[in-house]
S.K.: 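Quick one: the structure is below, and I'll ask about it shortly.
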Amino acid sequence: MSARQPSTDFTRLAQYPGSGCEKYDRRGEIFGRDDVIPLWVADMDFPAPDFVTEALAERLADGAFGYAKPTAEHVEAITGWLAGQHDWHVGPETIVPVPGVVPAMAMAIRAFTSPGARVIIQPPVYFPFFQVVRDQGRELVENWLVERDSPDGRRRYQMDFEVLEQQARGAEMLLLCNPHNPGGRAWNKEELAQVASICARHDVMVISDEIHMDLTYPGIRHTPFARVADAGGCRWFTVTAPGKTFNTAGIGGGYAVIPDAPIRKRFDRERRGMHLGEGSVFGLTALKAAYQHGAQWPAELMAHVAINRDRVFEAVRDLPIEPMEPEATYLLWLDCRGMGLSDAASDPEDRALQRFFIDEAGLGLSQGIIFGEPGRGHMRINLATPTRVIDRAMAQLREAWWKRTDR
C-alpha cells in the first residue's frame, strides 16, 4: 500500500505580492519598504489543505451565497473535533458561533464586566488583548509572565501566581492565551489549575483563547482550560476557531464553548445584540471540511514547522539571539537583547532593534514591544512558510549581523 500523500504542498508559496493578503501587501505601510521578507502576520504562506480547498470549490460551484446558518452537521464536526483531538467532550448545546476570537472577547467583556472594571491580561501577549480591553472602557491590569528554567532545563515563560493572586482582588475578568502567543507555551494542567483556583477565589471570570490549540509540537499535548475550570469552581468559557490550524483566517468565523447555561444565555444575548449573523457561507464550509477530514493535518503541519524551527535555531547559535523553545504554535519568540540594540530610556519604542531587522537584514518580523513591555528586545518570527524562505531569511540575518560587527 502506498504511503498517504500530504494534504498540501509545503514548498508552495501561495501568498505573494498583489494577491491581496495583508502579510505581503501591507509591507510598505508597516515596514516602510516593500522588499522585506514578510514573516510577521500569523497566517501561513502555503495553501490550506486540499480537503478544505476542494470543499470550498464545490460550494462555489453551487453559485448561491445567501445568508448562512450553522447546521447540526457543523456543530457535530466541532464536538467531534474537540473529542477526537483533545479528549474534550461537550454537548452540542454548548457551541455558540462567533465572528472571531477577538470579537468574542469584546462581547464577553461587555456582557460580564461593568464599565471601568479591571481586566487582567498576561504580557507579553497577543497585542489585540490590550486594545480589546481598552476599547470596551475597562481598566487594563498586566500580570507579566516571567522567564524561568523549566524542568527540562530550557528557559520558558511561567505565570507569576503570587502577583496574580494580588491582582485578582477586585478584578472581574482574565483573558487567558492558551497556548501562549508569542512565547509558544502550552500551559500544563497544574498551571491552569492554579489560574482556575485563584480566579474562583476572587470571582474572576476567565475567557480562554484557544485558537492555537491544535498546533503543538510532537510529544506535547494541549490542555483545554475546561479540563480544570469546573473543578476549580471558576466561571469561564473558551473561544477558538479553525483559522490558525487550517490557514482559513481570512474566511473568518469561530465558536465559543460555553457549558454553563446561564453564562451561555447572557453571552448569546450580547452576541445577538451585535447583529453580526452566525457565520459566512465559506467560513462554515471550511470549518466542516476541516474538522471532518483534517485529523492528520496538524501533525503534518507541525512536522514541517519543526524543520523550520530547527533551521532558525541552527542559524542563530553563534549570534546574540536566543530563541525560546516553543511547545506550541508556528510562531517563534526571539530574545534579541544580547544584540545591544534595546534601551528603554533612550529608545522607548524599541525602534533601533526593529530598524536593524528591516533596514540591515531585510526582514519583516513582529516587533516584540507590541506584545507589551516584557517583549522589549524581542522579535517574533512566523515559521509557517516554505523552508527555503526561512533559509533565505536566516542567511540575510547572519550577513547583516556579521557586517555590522565588522564595522
Side-chain angles (χ1 to χ4, degrees), residues 42 70 74-75 77-79 81-82 85-86 88 90-113 119-122 125-133 135-136 138 172-181 186-187 192 195-196 199 204-215 222-230 234-246 248-249 251-261 263-274 276-280 283-284 286-287 290-291 328-329:
H74 292 98
V75 175
I78 293 171
T79 57
W81 183 263
L82 297 177
Q85 296 290 313
H86 303 290
W88 181 12
V90 299
E93 74 283 356
T94 69
I95 306 301
V96 181
V98 297
V101 165
V102 177
M105 286 184 169
M107 296 174 197
I109 292 168
R110 294 172 69 90
F112 298 102
T113 69
V119 177
I120 302 170
I121 66 172
Q122 296 178 300
V125 71
Y126 182 48
F127 49 89
F129 278 36
F130 294 84
Q131 201 58 42
V132 75
V133 174
D135 284 346
Q136 313 318 311
R138 274 54 172 178
E172 295 186 16
M173 181 173 284
L174 182 147
L175 303 183
L176 176 68
C177 193
N178 176 40
H180 179 254
N181 170 15
W187 303 115
L192 295 176
V195 172
C199 290
V204 175
M205 187 172 188
V206 178
I207 309 300
S208 185
D209 166 10
E210 304 195 11
I211 199 169
H212 295 276
M213 64 183 181
D214 305 314
L215 305 175
H222 168 67
T223 302
F225 186 68
R227 191 91 72 228
V228 302
D230 290 335
C234 82
R235 294 179 299 126
W236 68 281
F237 68 83
T238 293
V239 290
T240 189
K244 295 296 183 197
T245 305
F246 296 96
T248 58
I251 295 176
Y255 56 93
V257 183
I258 314 179
D260 184 278
I263 290 177
R264 186 167 65 248
K265 182 177 180 180
R266 188 170 173 180
F267 177 79
D268 201 41
R269 185 167 61 244
E270 182 70 34
R271 181 185 71 89
R272 291 181 183 279
M274 300 298 291
L276 295 171
E278 295 190 315
S280 71
L284 291 170
L287 181 150
Y291 282 174
T329 84

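Positions are given from 1, in the same order as the sequence printed here.
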S.K.: With distance as the sole test, does Lys244 use its side chain to make a donor-acceptor pair with the main-chain N or O of Ala249 at under 3.5 Å?
M.R.: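 Answer holds: no.
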S.K.: Side chains of Val204 and Glu172: closer than 4.5 Å at any heavy-atom pair?
M.R.: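 No, their side chains stay 4.5 Å or more apart.
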S.K.: To the nearest 0.5 Å, how far apart are CE in Met213 and CG in Leu215?
M.R.: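 If we round to the nearest 0.5 Å, Met213:CE and Leu215:CG are 9.0 Å apart.
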S.K.: When you compare the side chain of Leu287 with that of Phe246, does any pair of heavy atoms fall below 4.5 Å?
M.R.: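 Answer no - side chains too far apart.
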S.K.: When rounded to the nearest 0.5 angstrom, what distance separates NE2 in His74 from OH in Tyr255?
M.R.: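 Going from NE2 on His74 over to OH on Tyr255, the span is 13.0 Å.
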S.K.: Do Trp236 and Phe267 have their ring centres less than 6.0 Å from each other?
M.R.: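 No, ring centres 6.0 Å or more apart.
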S.K.: Keeping the roles fixed (side chain from Glu210, backbone from His222), state whether a donor-acceptor pair exists under 3.5 Å.
M.R.: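 It does not hold such a pair.
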S.K.: Output all residues satisfying salt bridge (charged side-chain N to carboxylate O under 4.0 Å, His left out) with Glu278, sequence neighbours left out; order by chain, then residue number.
M.R.: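 Glu278: salt bridge (charged side-chain N to carboxylate O under 4.0 Å, His left out) contacts with Lys69, Arg271, Arg272.
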S.K.: Which value, rounded to the nearest 0.5 Å, describes the distance between Ile121 atom CD1 and Ile207 atom CD1?
M.R.: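 One gets 14.5 Å once the value is rounded to the nearest 0.5 Å.
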S.K.: Do Met107 and Pro99 touch side chain to side chain, with heavy atoms closer than 4.5 Å?
M.R.: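 Heavy-atom side-chain distance check passes, below 4.5 Å.
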S.K.: Can you tell me if Arg110 has over 12 outside heavy atoms packed within less than 6.0 Å of its CZ?
M.R.: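 Open.
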S.K.: So how far is it from Gln131 CD to Gln136 CD, rounded to the nearest 0.5 Å?
M.R.: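 Going from the CD atom of Gln131 to the CD atom of Gln136 covers 9.5 Å.
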S.K.: Kindly indicate whether the side chain of Leu175, heavy atoms from C-beta on, has any atom under 4.5 Å from the side chain of Met105.
M.R.: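 Side chain of Leu175 against side chain of Met105, heavy atoms only: contact under 4.5 Å found.
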S.K.: Got a second to check how far Tyr126's OH is from His180's NE2, nearest 0.5 Å?
M.R.: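 The distance works out to 13.0 Å.
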S.K.: Is the side chain of Trp187 donor-acceptor paired with the backbone N or O of Cys177 at a distance under 3.5 Å, no angle test?
M.R.: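 Answer holds: yes.
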S.K.: Verify whether one side chain among His212 and Asn178 offers a donor that lies under 3.5 Å from an acceptor in the other.
M.R.: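 Not at all, the side chains of His212 and Asn178 share no donor-acceptor pair under 3.5 Å.
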S.K.: Less than 4.5 Å apart, side chain to side chain, heavy atoms only: is that true for Met205 and Cys199?
M.R.: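 In short, these two side chains do not touch, never coming nearer than 4.5 Å.
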S.K.: Over all heavy atoms of both residues, which pair between Ile251 and Ala286 is shortest? Give the atoms and the distance, please.
M.R.: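 In this case the closest contact between Ile251 and Ala286 is CD1-CB, 4.2 Å.
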S.K.: Can you check whether Trp88 reaches Val257 side chain to side chain, under 4.5 Å on heavy atoms?
M.R.: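 Heavy-atom side-chain distance check passes, below 4.5 Å.
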S.K.: Whether the side chain of Asp209 engages the backbone of Ile211 through a donor-acceptor N/O pair (distance < 3.5 Å, no angle test) should be reported.
M.R.: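 Looks like yes, one N/O pair under 3.5 Å.
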S.K.: Can you confirm whether Met173 sits close enough to Val206 that some side-chain heavy atom of one is under 4.5 Å from a side-chain heavy atom of the other?
M.R.: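 Contact flag for Met173/Val206 side chains = no.
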S.K.: Can a donor-acceptor pair be found, under 3.5 Å and without considering hydrogens, that links the side chain of Thr94 to the backbone of Val90?
M.R.: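 Checked: no pair found.
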S.K.: Measuring from atom CZ of Arg266 to atom CD1 of Ile258, what distance do you get when rounded to the nearest 0.5 angstrom?
M.R.: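 Interatomic distance, Arg266 CZ to Ile258 CD1, rounded to 0.5 Å: 12.0 Å.
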S.K.: Using a 4.5 Å cut-off on heavy atoms from C-beta on, say whether the side chain of Val125 contacts that of Asn181.
M.R.: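 Counting from C-beta outward, Asn181 and Val125 never come under 4.5 Å.
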